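A, B, ... follow the sequence lines: proteins, then strands. Residue 1 opens every chain. A quick note: this is a predicted structure, and the numbers were derived from the prediction, not measured.
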Amino acid sequence: MQYQFNEIEKKWQKYWEENKTYAAKDNSVKPKYYVLDMFPYPSGAGLHVGHPLGYIASDIFARFKRLQGYNVLHPMGYDSFGLPAEQYAIQTGQHPAVTTKVNIEGGVDKQGNVIAGYRNQLDKIGFSFDWDREVRTSDPNYYKWTQWIFKQLFNSWYNKTTDKAEKIDTLIEQFKINGNVAVNAVCTDVVNFSAAEWNSWGEEEQQKVLMNYRITFLSDTWVNWCPALGTVLANDEIKDGVSERGGHPVEQKLMRQWSMRITAYAERLLSGLDGLDWTDSIKDIQRNWIGKSVGASLRFTISPPSGESEGAIEVFTTRPDTIFGVSFMVLAPEHPLVNEITTPEQKAEVEAYQKAASLKSERDRQSDIKNITGAFTGAFVIHPFTGDKVQIWIGDYVLASYGTGAVMAVPCGDQRDWDFATHFGIEIKNIFKDKDISEGAYAEKDAVIANSDFLNDLPAKEAIKKAITEIEKRGIGKGKTQYRLRDAVFSRQRYWGEPFPVYYKNEVPYLIPSECLPIELPEVEKYLPTEDGKPPLGNAKNWHWDEKNKKIVSVPVGQKPPSGIWGLELNTMPGWAGSSWYFLRYMDPTNNNEFVAKEKVDYWQNVDLYIGGAEHATGHLLYARFWTKFLYDLGYIPFDEPFKKMINQGMIQGVSEKIMMNKTFTTETNRVLLFNPNKSASPDQRIVMPYVDENDGYQDAHIYYSKDVADNVGFETVEKHVPISFVQNHEINSESMIGLSHMEGFKKAVFVCEGGFWYKGAFKRFFEGSDKFITTPEVEKMSKSKYNVQTPDELVEKFGADTLRCYEMFLGPLEQHKPWDTQGITGVHGFLKKLWRLYHSGENESFYVDETPILASADGSPHPSGELEGAKSLHKTIKKVKEDIERFSFNTPVSAFMICVNELTALKCNKREILEPLLIILAPYAPHIAEELWAKLGNTESITYAVFPKHNDAYLVESNHKYPVSFNGKMRFMLELPADMSKEAIEKEVLANEQAQKYLEGKTPKKVIVIPQKIVNVVV
RNA sequence: GCGGGUGUGGUGAAAUUGGUAGACACGCUAGACUUAGGAUCUAGUGCUUCACGGCAUGGGGGUUCGAGUCCCUUCACCCGCACCA
């Protein structure tokens, strides 16, 4: 009987669904285990083979944990708000909700494309997700609670004294009694006020003040505005100065926006990393992003003669110990004091410099760091310790946005300061003992300080402490910790996102009452911004709040609303809002009264294993940690880190065969010599008809097989077109691409075959033997535009889900990036077929197992018979598979299974006692075939909740050990000796061996190293 | 520049604590079986040498009886950050 994987897989997938095999119980005597995947954005392109990689690994782990007796929560959902569905809406008018539904559930889109649907694609792979817990962030029942969490953030402030977020009421209480003088909060700059003042203010005034304290707050901020996308972007959505999505330019713009006071959590987000089982790389990226620097903030008084200002310049430094090395000051060109302090003589030069700096984009400024530029303001500050006059310069190496926008320049200890001083001929003071700074600054932190009054002879570390003490004593500054982390902009000028539960009365925001949530996205006619530049929600007719009747009402566009009716917020929330807490909702996905019930979150706790891409290091992973800490502060959840252990799966890259044409490429017009995977085909059968679509341009010439060739060749697959894209080479112009008769000039082309995975070898063979082409594989990102996408569906169709699952794991370590290559899939498929045959060794290959037990003697030690070889093979495999999965090495168990099946096949083993446990350990990797054979063995329950077998060491004990015998570390021969032989006896035995005599050459060995059960090394 | 990672046959890779480098697969070679092969089975396959042997884990050095593994140094590639004071 053949291994009919298609039938078997359909059968069991249906069984699992009908029996809710993978439903997690919300309480259980079993220990809990929470395995989570980063949920996908359901794009219209569907899944390619790279997407399931992490899901397969997490599924194997979830199944493994179930077999070990855990109550496993393994859910899946969709991060379904996002830009692509909105852009599709702009193009086609199809509502993003429809697009999203089709992308998830399958169907036909507005342009007639058949969409397989994420769910269908996922189901085919046989995942053990508990689909009853599915969440979609764009579902009103879900974003109701995203809005609710927003309200909690709005109604909270960060108390630095208790070091946690608290309800805003506790702050208002303090204001009423003491004003804000004693309040120790993380807030936007506020002036001090008394209780009397607070109490005297009206509602509006009080709200304005409170806004400075709220954890989510509205403010005019400089934001990253992306004109092409028509929206603002968070810092983590920008890469290299352009938008991460689309690569559009980004500019700075002052806008009234919601922000999240994530900076309040900077220290906890940093220190919390230590306890997480994440890779160092991700932790470092987060540490870097938070960017903590410890130092001092100090004021330099501006020297009176140079300006009427009596002000001071505040600087931040991490090296207060170098205070006596200050040789000049540098302000950012945008620093507000520059205009005030510049002397009339320097005015022209400074203004010219400011203007030049303002014209440079952020990007130019970064790429132009080798050019040292600056201007002297003519002004001076007084050195707080020496009383010396110190020149004030401006220079664009000082950033307005970091610290105070001003630095005290210590050229002897900072290379940038040194370069600046050297360039402009400013005198450099050296305060490092015995350090030569004539060639450059001494930036190490191990120097001893000199020429520095009270800091003399102190090592830097102590000098820093002493300097801060002294600075604070004199009241000219204080120790300070600075973070690079900025508050996160939370408004997006988009349609397809969560609406804010906010309405405005005279520009003061108020929250929609919780019982009125969710505030559902309104219908709009156009998904574009309004004509007067308002976000798309400005187009909504029904988008006002009736405060008294507590409902959304319609006010015609452009009309002034009647009293008691107020306009709702027009922005929507960013993509990361919904994904910052979704792992909590899986615990209680249908709860209408709470975002998650207390007893459920108390039971499930945080995620034990989180698998997903490393690209979310500074976005999702930071925001989710932030919200988790916030919800913890307010007592809603019992933990303050969401993901205990995380593994970042590597990217699966696409491979394109590049064709190098090294000789004249002769064909008839519109014909191209191509390959035929059939080795025996005659040369002329290898000719296929190309069709070049001029509209595709030279980069995307498509080549189609002609029908007659397809017939000759006899492959069904060739009826599909095989796209070939020709990569433009610098020696080639686009013209030569239009007609294939001009192809002589071509040097290089990319070949990618759609569904062509299995005949790549033949393809290569043909071209290598030809004088026309040489192909070389090139690794690229897998994407539709590169024609190198392979969907899991086609592989499941051809080889089955179990093969796909095992193969994706077999490719290599999970974390590693790897090019997709299907050549090896036949090996894995062959293994499953071989496994199947192991259970079908009866007559006519019918199902057969031998029920007679392997005999064991009374003391539990195995019976000495030939049958034991099978048991040994099995138990060795049990041990390895368990240990490997536990250390998240998902690739190595596949080879262990192969070895085991190869051995059992060679032994013609068909004992139930061996074959039954083998299925259990294999089930996480290949659940369908395992279920099928498990059922054939007579089991009536799913293998999902079987017990993972324990290996028995008794089967693994060897009576003899084959010792590799080395001479001077070089392995020379093997010698089989009893395993329990003593060191002395082994040494004697080895030296007496005739082969050893040859290597000893009559000499007496200097030393013999014997490691029992391992090796013998003779030193001659 | 700083931080993190990777480097092993023709290919993907194994080698968990220093102990036979290349398991397991792919590919390739030869053969068997077959109407056929993208089926199945057998044998071989790191490089080099007629052979004994020699050489091999990016390069160079070191520690050790013994190094892919530990230490120093250097190169290449990938990822992140980047005048962050």
At under 4.0 Å between heavy atoms, what does Arg486(A) touch on the DNA or RNA strands: base, sugar-phosphate, or nothing? nothing
Checking side-chain polar atoms at under 3.5 Å, does Ser293(A) have a donor or acceptor matched by the opposite partner on Tyr402(A)? yes
On RNA chain B, compare the nucleotides closest to Lys970(A) and Asn891(A); which residue's is nearer the 5' end? Asn891(A)
Give me the distance, rounded to whole Å, that separates C65(B) from U74(B) when you measure between the C1' atoms they each carry. 29 Å
Quote, to the nearest angstrom, the C1' distance that separates U40(B) from A36(B). 14 Å
OP1, OP2 of A13(B) versus side-chain N and O of Ser895(A): anything below 4.0 Å? no
Whole-Å distance, Leu835(A) CG to C24(B) C1', equals 16 Å
Roughly how many Å is it from CD1 in Ile323(A) to P in A85(B), rounded to a whole number? 16 Å
What residue among Trp393(A), Phe328(A), Trp418(A) forms ring-ring contact (aromatic ring centres under 6.0 Å, His included) with Phe424(A)? Trp393(A)
Nearest-Å distance for atom pair CG/C1', residues Asn902(A) and C24(B): 9 Å
Answer yes if the side chains of Thr263(A) and Tyr483(A) hold a donor-acceptor pair under 3.5 Å, and no otherwise. no
Encode nucleotides 3-12 of chain B as B, S and - characters from 5' to 3', where the letter depends on protein heavy atoms closer than 4.0 Å: B to the base, S only to sugar-phosphate, - to neither. SS-------B
Between the protein and nucleotides 63-68 of chain B, which nitrogen or oxygen pairs are less than 3.5 angstrom apart?
from, atom 1, to, atom 2, distance (Å)
C65(B), O2', Asn1017(A), ND2, 3.1
C65(B), O2, Asn1017(A), ND2, 2.7

